[in-house]
Student: 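Sending over a structure as structure tokens; questions will come in a sec.
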Amino acid sequence: MDSPLLPPELLEKIILEAWILSLSNSDRIDLMTSFLLVNSTWKTLFTRISFKDVHIPSPSYLFKYMAALAGYPPHVLDGQPPPNKTCESIAIRIPPAIANKRNDYDGYQENPMGETLSNLLYYLDGIIDAPNLRTIRIEYENMGFNDIFDCWRLAHFPVQVTNLEISFSFDRDTSASGDVLRVTHLRQDSPRLQDTDSETYSLYHVKRLFVSGAGDAFVANIVACCPNVQIVSIGVR
């Protein structure tokens, strides 16, 4: 006798529980690939969930997702709005760059996922329309606290986004270094998100700010860039 099929409501719960797990970029790519191959029902439910709360696990996926938001090719499910209307949050995980023999700009090596974050926000800041996007989630993995400011990661920021979440995590091998970085990271007198003093580059539309894993100096610096923030949460999301 064939096993009874699980109801769609239970399948959706299973997919959602797996989707919200904290995963490395490679593990998330494996998950995305596998979920699309189970069956048509699984694919439909996963597409709906993954287009609502989006994860960008690689530079190449960013361009595919931006194309989907722009409607090329169309990704409209039966009875569902297009991807640019369903997107409510976007998360991106940034691990350290892998060292190689070719460095740019006199020894400086760009972080591929850091650059992906910059490109994502640039596209969403007036080029790609995502009117229901409200949350940007940035997850740094085994990295220090200077990337956002030194590399102007938030120089472009979509005005419809009111929730900004930034977290830092360190594994067992780097936890001691993380403790040192929290203490030695310096508070800036006038932190800036772009190479200009213009208030245009303040995150004036951010109302809710969540920071996890950072020290007091980083929190103070990013809060100073959100002049209209109403809620600041520190700790575990």
Side-chain angles (χ1 to χ4, degrees), residues 2-95 112-141 156-167 169 208 210 237:
D2 293 337
S3 299
L5 295 176
L6 294 174
E9 295 79 9
L10 181 55
L11 287 177
E12 187 170 18
K13 184 175 181 180
I14 293 172
I15 295 171
L16 179 59
E17 289 298 319
W19 189 238
I20 64 176
L21 290 173
S22 178
L23 300 174
S24 67
N25 287 331
S26 59
D27 286 344
R28 190 162 299 277
I29 291 172
D30 290 342
L31 181 75
M32 296 167 75
T33 303
S34 300
F35 277 10
L36 291 172
L37 298 176
V38 177
N39 57 43
S40 59
T41 299
W42 197 282
K43 179 179 179 180
T44 298
L45 293 172
F46 171 66
T47 301
R48 181 187 305 160
I49 290 171
S50 63
F51 276 166
K52 177 182 178 183
D53 296 306
V54 179
H55 288 266
I56 307 293
S58 70
S60 61
Y61 184 77
L62 171 65
F63 295 109
K64 294 178 181 178
Y65 180 65
M66 290 297 103
L69 291 188
Y72 305 103
H75 288 74
V76 180
L77 301 174
D78 291 341
Q80 299 295 319
N84 69 310
K85 296 294 195 298
T86 60
C87 175
E88 296 181 5
S89 72
I90 299 180
I92 185 166
R93 179 179 288 260
I94 305 176
M113 289 306 295
E115 186 176 20
T116 299
L117 170 62
S118 298
N119 291 336
L120 167 69
L121 297 177
Y122 173 75
Y123 293 138
L124 292 172
D125 188 22
I127 298 177
I128 299 294
D129 181 36
N132 297 313
L133 174 62
R134 294 294 179 268
T135 300
I136 293 292
R137 186 173 298 115
I138 306 168
E139 305 169 358
Y140 283 101
E141 179 183 88
H156 296 277
F157 203 83
V159 297
Q160 72 271 29
V161 173
T162 56
N163 304 323
L164 174 60
E165 302 184 8
I166 307 173
S167 63
S169 63
R208 178 184 176 273
F210 169 83
R237 175 157 36 101

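On a predicted model such as this, the values are computed, not experimentally measured, just so you know.
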Student: Quick one: does Ser89's side chain get under 4.5 Å of Arg137's, heavy atoms only?
Tutor: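 Yes. Closest side-chain heavy atoms under 4.5 Å.
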Student: Could you list the residues that satisfy salt bridge (Lys or Arg N to Asp or Glu O under 4.0 Å) with Arg93, not counting sequence neighbours?
Tutor: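 Once residues adjacent in sequence are excluded, the partners of Arg93 under the salt bridge (Lys or Arg N to Asp or Glu O under 4.0 Å) criterion are Glu139, Glu141.
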Student: Looking at every heavy atom in both Pro57 and Met32, which two are closest together, and how far apart are they?
Tutor: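 Shortest heavy-atom contact: CG-SD, 3.8 Å.
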Student: Relative to each other, are the rings of Phe51 and Tyr65 parallel, tilted or perpendicular (30° and 60° limits)?
Tutor: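 It falls in the tilted class, 30° to 60°.
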Student: Got a donor-acceptor contact below 3.5 angstrom from the Arg48 side chain to the Thr86 backbone?
Tutor: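 No, the answer is negative, given that no donor and acceptor are paired below the 3.5 Å cut-off.
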Student: Is the OH atom of Tyr122 crowded by more than 12 outside heavy atoms at less than 6.0 Å?
Tutor: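 Not more than 12 within 6.0 Å, no.
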Student: Do the side chains of Met113 and Pro59 get nearer than 4.5 Å, heavy atoms only?
Tutor: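 When only atoms from C-beta onward are counted, Met113 and Pro59 do touch, with a gap below 4.5 Å.
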Student: Test side chain to side chain contact (heavy atoms under 4.5 Å, CB included) on Phe210 and Asn163; report intermediate values, then the result.
Tutor: CA-CA 8 Å; Phe210 169 83; Asn163 304 323; over 6 Å; no
Student: Hey, could you give me the OG/CZ distance between Ser58 and Arg28, rounded to the nearest 0.5 Å?
Tutor: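 Between atom OG of Ser58 and atom CZ of Arg28 there are 12.0 Å.
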Student: Report the distance from atom OG1 of Thr44 to atom CG of Leu11, rounding to the nearest 0.5 Å.
Tutor: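 Reported to 0.5 Å precision, the distance equals 11.0 Å.
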Student: Kindly state each residue pair satisfying side chain to side chain donor-acceptor pair (under 3.5 Å) with at least one member in residues 10-21, sequence neighbours excluded.
Tutor: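 For residues 10-21, and leaving out neighbouring residues, there are no side chain to side chain donor-acceptor pair (under 3.5 Å) pairs at all.
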Student: With heavy-atom distances below 4.5 Å as the criterion, would you say the side chains of Val38 and Phe46 are in contact?
Tutor: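 Sidechains of Phe46 and Val38: no contact.
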Student: What's the separation between atom CG in Asp30 and atom CG in Asn25, rounded to the nearest 0.5 Å?
Tutor: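 Reported value, rounded in 0.5 Å steps: 11.0 Å.
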Student: Measure the CD1-CG distance between Ile128 and Asn84 for me, rounded to the nearest 0.5 Å.
Tutor: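 Spacing of CD1 (Ile128) from CG (Asn84) equals 8.5 Å.
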Student: Quick check against the 3.5 Å criterion: does Asn132 have a side-chain atom that pairs as donor or acceptor with the backbone of Lys85?
Tutor: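 Judged by distance alone, yes, a pair lies under 3.5 Å.
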Student: Check whether any side-chain heavy atom of Thr135 lies under 4.5 Å from a side-chain heavy atom of Asp53, and answer yes or no.
Tutor: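 Sidechains of Asp53 and Thr135: no contact.
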Student: Using a 3.5 Å distance criterion without hydrogens, assess whether the side chain of Ser34 forms a donor-acceptor pair with backbone atoms of Leu31.
Tutor: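 Side chain of Ser34 to backbone of Leu31, a donor-acceptor pair under 3.5 Å: no, none is there.
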Student: Mind checking whether Ile138 and Ile94 have side chains closer than 4.5 Å, heavy atoms only?
Tutor: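 A side-chain contact under 4.5 Å exists here.
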Student: Determine the sole option in Ile92, Ile90, Leu120 for which the side-chain contact (heavy atoms from CB on, under 4.5 Å) test with Leu62 is passed.
Tutor: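 Checked Ile92, Ile90, Leu120 against Leu62; only one passes side-chain contact (heavy atoms from CB on, under 4.5 Å): Leu120.
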Student: First locate atom CG of Leu121, then atom CZ of Phe157, and finally report the distance between them rounded to the nearest 0.5 Å.
Tutor: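 The distance works out to 6.5 Å.
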Student: Would you name the heavy atoms of Leu133 and Pro158 that are closest together and state the gap between them?
Tutor: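 Of all heavy-atom pairs spanning Leu133 and Pro158, the closest is CD2-CG, 4.4 Å.
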Student: Working to the nearest 0.5 angstrom, can you tell me the gap between Thr116 OG1 and Ile56 CD1?
Tutor: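 Thr116 atom OG1 to Ile56 atom CD1 measures 8.5 Å (nearest 0.5 Å).
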